[in-house]
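One structure is given here, and the rest of the page talks about it.
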Amino acid sequence: AIGDALHRRGPVPPVVNVGGGDPRELRQVVQVAAAFGAPRVESDGADRGDRATRHLNIGLAAEALDWRPRVPLEIGLRDEVRCFRNEAPT
C-alpha cells in the first residue's frame with residue numbers, strides 16, 4: 001500500500017486503513033504471530049473500550065490507492081516476523 005501511494009499521481013488521503021478485509025480477533029492475530037516466533041503478549045483482560053474483533057474498513061485504500069489485500073494474514077505475519085528477525089521471506 002505504501003509503494004502504491006508513493007507512485008500514485010494526484011492527492012492521497014493522509015490516513016488509510018489496510019488489512020485483510022475480514023474480521024479477526026486480536027487474540028487470534030497474536031496467536032498466529034506467536035506461532036512464527038513473535039514475542040508472546042500477555043493480557044489481563046480487555047481495556048475499557050477494546051473490542052475483541054477488529055474489522056478495518058479498507059474501502060478508502062481500495063478507492064484512493066486501487067489497493068486490495070493480496071496476502072493472507074498467516075503469510076503476512078510470518079513474513080513480518082521474519083523481517084524483524086532479519087530473515088528472508090520465502
Side-chain angles (χ1 to χ4, degrees):
I2 294 170
D4 292 343
L6 291 173
H7 293 97
R8 180 175 172 76
R9 293 181 185 197
V12 175
V15 177
V16 232
N17 287 326
V18 293
D22 59 333
R24 298 290 185 125
E25 289 187 11
L26 181 57
R27 162 176 60 88
Q28 180 185 20
V29 174
V30 169
Q31 288 172 344
V32 170
F36 294 116
R40 289 188 47 85
V41 175
E42 300 294 332
S43 173
D44 59 359
D47 291 333
R48 184 168 55 209
D50 271 359
R51 294 174 297 183
T53 302
R54 303 282 181 187
H55 187 177
L56 299 177
N57 181 344
I58 60 173
L60 184 57
E63 180 183 322
L65 304 175
D66 193 29
W67 181 86
R68 305 282 184 282
R70 296 184 301 240
V71 178
L73 173 70
E74 293 76 12
I75 303 300
L77 285 176
R78 180 201 67 194
D79 290 352
E80 187 76 11
V81 170
R82 287 180 177 174
C83 179
F84 280 105
R85 292 181 180 265
N86 294 316
E87 299 174 15
T90 57

Interatomic distance, CD@Glu25 vs CD@Gln31, rounded to 0.5 Å, equals 9.0 Å
Rounded to the nearest 0.5 Å, the CZ atom of Arg78 sits from the CD1 atom of Ile75 at a distance of 4.5 Å
Closest non-hydrogen atom pair between [X] and [Y], with its separation:
| X | Y | answer |
| --- | --- | --- |
| Ala38 | Arg85 | N-NH2, 4.2 Å |
| Arg24 | Val29 | CB-CG2, 3.9 Å |
| Gly76 | Val71 | N-CG1, 3.5 Å |
| Gly20 | Pro69 | O-CG, 3.5 Å |
| Phe36 | Val81 | O-CG1, 3.2 Å |

